[in-house]
Structure formats: structure tokens, C-alpha cells
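It should be emphasised that the depicted structure is a prediction, and the values quoted were computed from it without experimental measurement. Reckoned from all heavy atoms, side chains included, excluding hydrogens, waters and symmetry mates. Numbering of ligands and ligand atoms starts at 1, following listing order.
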Amino acid sequence: MKINGNYLNLQESYLFLTVAQKVEAFRRANPGKPVYRLGIGDVTLPLAPAVVAALKEASDEMGRAETFKGYGDYEGYGFLREAVCGYYAKKGVDLKPGEVFISDGAKSDLGNILDIFSNDNTVLIPDPVYPVYVDTNIMAGRRVMFMEGSEGNGFLPMPDNSVPADIIYLCSPNNPTGGVYDKEQLKAWVDYANGRGAVILFDGAYESFVRSEGLPTSIYEVDGARTCAIEFCSLSKTAGFTGTRCGYTVIPEGLERGGQPLNKLWLRRQSTKFNGVPYIIQRGAQAVFTETGMGQVRRNVDYYLANAKVIADALTEKGVWFTGGLNSPYIWLKCPGGMSSWQFFDYLLENANVVGTPGAGFGAAGEGFFRLTAFGGRENIEMAMRRFAGVI
Ligand code: MLT
């Protein structure tokens, strides 16, 4: 018997697990000291009332013989797929329910989608970025190339025609830097992918944080994207579903590679390996897309964006270079005093009891940078930034 040796090429531990373990060690060594957590991007506001009402009603349905449900559709219930299409229609994007697959979150599908692509493909991944893209490809033993984000390109790398990529990951708004591609930039990526016969895996998990006029919240707002892009979205950050688990993946019908519709391959994969998201959760997710639900979740996102401003103002006052926080819940800052990302992590934890995420954990180009998240409670963030300012 042999294990998958590719796992030995991974870093010892997943970034957020390493951070959690370090914080736990600090807490054990410093019992009673408060710790201000601006590390993992986990939401803190409760589910919207419209969602809670729908979850309760669906639970009651499951308790009555006449409305009980067993296995659902592999692709998700029609009511939720239609609700997602309605949401896209408001962005001016025309989708059919058959192009929408309900999932338990973007993270799972971003990893699982690789099942339908050969291991012979070359993958192009921005650096820094959400570590799941790199790790899942290392697990499969694929060849990975990086495209560097920097202060110079606003952490939004652009295509280079001399680079022979087959699978391209884009994350916009970007985790961790908060950078958002505009339509012209996305168009360049779409043209590159269509020109090469490549596929873009577009992670739009933070699309609901985009507030600046004219910035796209879906790659399908760009002409040509339907023939080269798969989009992954999630209700985790949009509607506080990090613990409730629901997302969706869009694979347009016209998207084919090797003469095969990718939509059909994905359905084949999902119906073999996935039994769908619970009915109760899908009803809760449907409520997000109602007028009332949309209003409620938007207010929550507004709250997090106001938190981001608190962080940004504190950094501006201290003269710390940063980006993000405008159309994103993440603030990406340069570690003061030339410290490395992990040095600054330790320094901040020890001296201010504030937890952030080391930029180096998002890729080599993140070294010397640090990410703070705006998902906490306001008072916690204000206190954390006062303490941060006190040690800088
Ligand atoms: C993050 O902090 O980057 C996210 O919470 C990770 C995730 O969404 O899985």
C-alpha cells in the first residue's frame, strides 16, 4: 500500500490551523489575558432574521410526514437555483438554473472541481492568494506556476501570453489583499483563457463587499467569460453562513473542453461523490435572495465594511502602508520595521494580544505583509486597533 506521496510536498499544516495552534499556545501560557482575533475571516454577526425564519419553517416541514424530504437533487433544489439566477439577473447576467450547482461552500468546490481536469494541466495561481488553490493542486501532483502580486500591480497580476497555463485561478475581491479586478482587466484574462483554451476558476466569495461603482461582482459581466470561466460563490461571508454551509458554483452550458461540456462532467462528479446540501439549509439560503433577506444581509456587510474603515483609519494615523478594506473585509498591510510576516505575528500577539494572519502564509510574495480581518465585533476591533497603535 502506498499513500499519496504528494501530501508530503504540502506545508506541515493548513495556514489557519497553524495560526489557531499558535494562539492556543499563547492562551495557555498567558491565562486570563484577552486575545483580540483579527486572524481568520470568520463572521461574527448572527444569521439574518429572514434566514432564521426559513430554517425554522423548513425544520418543521422535515418533521411532518407530508412535507418530509429524503435525498435532494444532486445539483441542489430548483427553488434555490432559480433564486441564484434571479440574483445574477440583477447584475445583468443571464443564467439558467441548469448552470447553477448548489454546494456546501466555495472551498469544497474549488478543491473538488479539479476532479474533472487532467493532472497533466499546468496551473497558474496568483501569489499571494487563498492557500486552498495551491494545496489542492499539490495534493493532485499538478504543475503549479505563480504570478506575482505586488504593490506595483495592486496585487492584481495580469496575463502574460508567454505563460502556458491551462487552469487559472482568479480571486476578486482578492483574499488576502482586497484587490478587485475591473472589467477591462478581467476581459484581458478572459481573452487570454479563450485564446489558449484554458479555464478560469473565478472565486467570487467576497463579491458582496464590492461597493465601488462599475467594479464587476461576477466574471460573467465580461464578454466571452461563458466560454472559459467557472465561478464559485458562497453565502459564508455574504450572509454569515460560515457555520451553516452553503454556496454555489456556476458552469455555463457553452463551456466545453476536449469536446466535453464541463457542466455535464461536473454533474457526473457530483452525483457520484456528493449527496447535496441539506434541504433545511437550502431553504435558509433561498431566504437570503428574497428582498427582505437581501436587505438584512447587506446591512451586515455594511457593518463589516465600517469595521474595515476603523482598521484603515488606525493604520493611516500610524503611517502604516496598507491596501484593501474598501471593497473587501480584508486589510493588507506592510509589516512595520521591516519585520517578516511571522515575526510581526509573534510581536503583535505578545505585545498587543492581537491576532492577524501572516502574509507569507498566502504565498512567497506575501512575505513582509500581514492581513487583518474586519469580521469581528466593533468594540473588539476598536480595542484591537488601539492596542495595535500602542505597539507600532
Ligand atoms: C480566510 O480567513 O481566509 C477565510 O476565512 C478562509 C475561508 O474562507 O475558508
Side-chain angles (χ1 to χ4, degrees), residues 10-11 13-23 35-45 103-114 125-137 139 149 155 169-180 201-209 231-249 285 297 300-301 304-305 307-308 311 323-325 327-333 341-342 345 348-349 354-363 365-366 369-377 380-381 384:
L10 293 165
Q11 305 230 344
S13 153
Y14 182 56
L15 171 62
F16 295 106
L17 181 59
T18 308
V19 169
Q21 286 166 342
K22 275 184 163 264
V23 174
V35 172
Y36 301 90
R37 292 171 191 270
L38 280 64
I40 190 161
D42 196 3
V43 292
T44 50
L45 291 174
S103 71
D104 66 346
K107 179 180 181 175
S108 321
D109 276 12
L110 279 158
N112 293 336
I113 195 74
L114 296 171
I125 300 183
D127 175 7
V129 87
Y130 186 38
V132 168
Y133 316 153
V134 178
D135 286 358
T136 49
N137 278 290
M139 287 171 181
F155 291 96
Y169 287 82
L170 297 179
C171 180
S172 181
N174 179 276
N175 177 12
T177 69
V180 187
L201 303 180
F202 186 82
D203 181 355
Y206 299 93
E207 54 88 25
S208 63
F209 286 78
E231 182 158 298
F232 302 84
C233 266
S234 163
L235 296 183
S236 285
K237 315 295 156 83
T238 299
F241 271 54
T242 52
T244 308
R245 310 304 315 155
C246 195
Y248 49 92
T249 294
V297 299
N300 287 357
V301 170
Y304 294 134
L305 284 168
N307 284 348
I311 299 173
T323 184
N327 295 293
S328 155
Y330 296 126
I331 280 97
W332 181 249
L333 61 101
S341 299
W342 282 104
F345 174 89
L348 204 58
L349 182 57
V354 171
V355 182
T357 310
F362 297 97
F369 291 89
F370 199 75
R371 193 194 77 175
L372 295 175
T373 158
F375 281 118
N380 190 62
I381 286 190

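Interface of G41 with ligand 1, defined as ligand atoms under 4.0 Å from a residue heavy atom, comprises 1 (C), 2 (O), 5 (O). Residue N175 approaches ligand 1 through these ligand atoms, each under 4.0 Å from one of its heavy atoms: 1 (C), 3 (O). Every atom of ligand 1 with a heavy atom of K237 under 4.0 Å away is listed here by number and element: 4 (C), 5 (O), 7 (C), 8 (O).
Looking at heavy atoms from C-beta onward, E231 lies out of side-chain contact with T249 at the 4.5 angstrom threshold. When side chains are defined from C-beta on, R371 does not count as touching L38, because their heavy atoms never get closer than 4.5 Å. Between Y130 and P176, the closest side-chain pair of non-hydrogen atoms is not below 4.5 Å. Counting heavy atoms from C-beta outward, N174 and Y330 have side chains that stay 4.5 Å or more apart.
Ring orientation note: the planes of F370 and F345 are tilted relative to one another, at an angle of 30° to 60°.
What sits closest to atom 6 (C) of ligand 1 on the protein, heavy atoms only, is Y130 CE1, 3.6 Å.
Polar contact with ligand 1: absent for D42 (N/O pair, distance under 3.5 Å). On a distance-only criterion, I40 and ligand 1 share no N/O pair closer than 3.5 Å.
With S341 contributing its side chain and A360 its backbone, the two residues share a donor-acceptor pair below 3.5 Å.
Only the side chain of Y330 comes within 4.0 Å of ligand 1, counting heavy atoms alone; its backbone N, CA, C and O stay farther away.
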